[in-house]
Amino acid sequence: MDSIERNRQRIMQKLGPTQLVVVSKYRSLNEIQQTYDAGQRVFAENRVQALMERYSLLPPDIQWHLIGHLQTNKVKYIAPFIAMIHSVDSLKLLQEIDRQAEKNNRIIPCLLQIYVATEDTKFGLDENELHLLLQNGDWKNLSHVRICGIMAMASLTEDKVQIHQEFENAHRIFLNSKSRYFQNDENFRELSIGMSSDYEIALEHGSTMVRIGSKIFESD
Ligand SMILES: *Cc1c(COP(=O)(O)O)cnc(C)c1O
């Protein structure tokens, strides 16, 4: 067994029903192919350009997720194939995704990215902005996007207590949004939290999807 396969097995054992999204940004095509050969089908990139290249060169049954900031003028490039967009942070972006999805005869699953970290370098809606977007109801008219849940990132810190607090906060916001706006919508069920350094903490706070790169590709 190579180290990618071993790392993946080790992580999967801890996940239970939580889905593993392998973050392949900066990795070679060969490394991604190795992960694919070990059975992985869901991969994520943070840049549109990289997504397009990799989509065209790697096996067609890979489900590609976007986890990085998305500009409205680039939606058209990924709309034909993207399996999920984790980084939706405005109604305007959601409307453009809807428009491009319709052109491609698709419904694109999306997550709303919220901001729970204390750093100001990260993208996302704060709690108030999230509620404004959802209360405003315009999203209900978008028949080619499906809002499937929430994505968040914790601060890059060694302070475990802080990471626990931030993920707990993300979980609370997820549950609150579910009950206020998506009570009868079974599609709203994903909480995308947890990366290599903090996924074990995220699992304690209701993570349904972890996004893991380095722990898969780097041998320890
Ligand atoms: C890079 C990245 C990850 C994965 O980070 P690792 O530390 O390599 O696991 C997860 N989520 C987002 C949004 C990222 O940009």
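One-based numbering, in listed order, for ligands and for the atoms of each.
- When His65, Lys25, Glu218, Arg211 are ranked by how near their heavy atoms come to atom 2 (C) of ligand 1, first place goes to Lys25.
- Evaluation of the side chain to side chain contact (heavy atoms under 4.5 Å, CB included) rule for Lys14 yields Tyr199, Glu200 as partners, not counting sequence neighbours.
- Looking only at heavy atoms of the protein, atom 9 (O) of ligand 1 is closest to Ser196 OG, 2.5 Å.
- A donor atom on one side chain and an acceptor atom on the other are not found under 3.5 Å apart for Ser87 and His69.
- Near Met153, meaning under 4.0 Å from any of its heavy atoms, are these atoms of ligand 1: 13 (C).
- For atom 7 (O) of ligand 1, the closest non-hydrogen atom of the protein is Ser214 OG, 3.3 Å.
- Shown here are the salt bridge (Lys or Arg N to Asp or Glu O under 4.0 Å) partners of Arg146, two or more places apart in sequence or in another chain: there are none.
- Classified by interplanar angle (parallel below 30°, tilted 30° to 60°, perpendicular above 60°), the ring pair Phe81/Tyr55 is parallel.
- Residue-level proximity to ligand 1 for Ile67 is carried by backbone and side chain together, each with a heavy atom below 4.0 angstrom.
- Close contacts between ligand 1 and Gly213 involve ligand atoms 4 (C), 6 (P), 8 (O), 9 (O) [criterion: under 4.0 Å to a heavy atom].
- Distances shorter than 4.0 angstrom do not occur between any heavy atom of Lys215 and any atom of ligand 1.
- Protein heavy atom in closest approach to atom 10 (C) of ligand 1: Met195 SD, 3.4 Å.
- Against a heavy-atom cut-off of under 4.0 Å, Ile212 is close to the following atoms of ligand 1: 9 (O).
- Taking a 6.0 Å sphere around CD of Glu186, one finds it holds 12 or fewer heavy atoms contributed by other residues, nucleotides or ligands.
- To the nearest 0.5 Å, the span separating CD on Glu166 from CD1 on Ile201 amounts to 10.0 Å.
- The six-membered or imidazole ring of Tyr36 lies away from that of Phe43, with a centre-to-centre distance of 6.0 Å or more.
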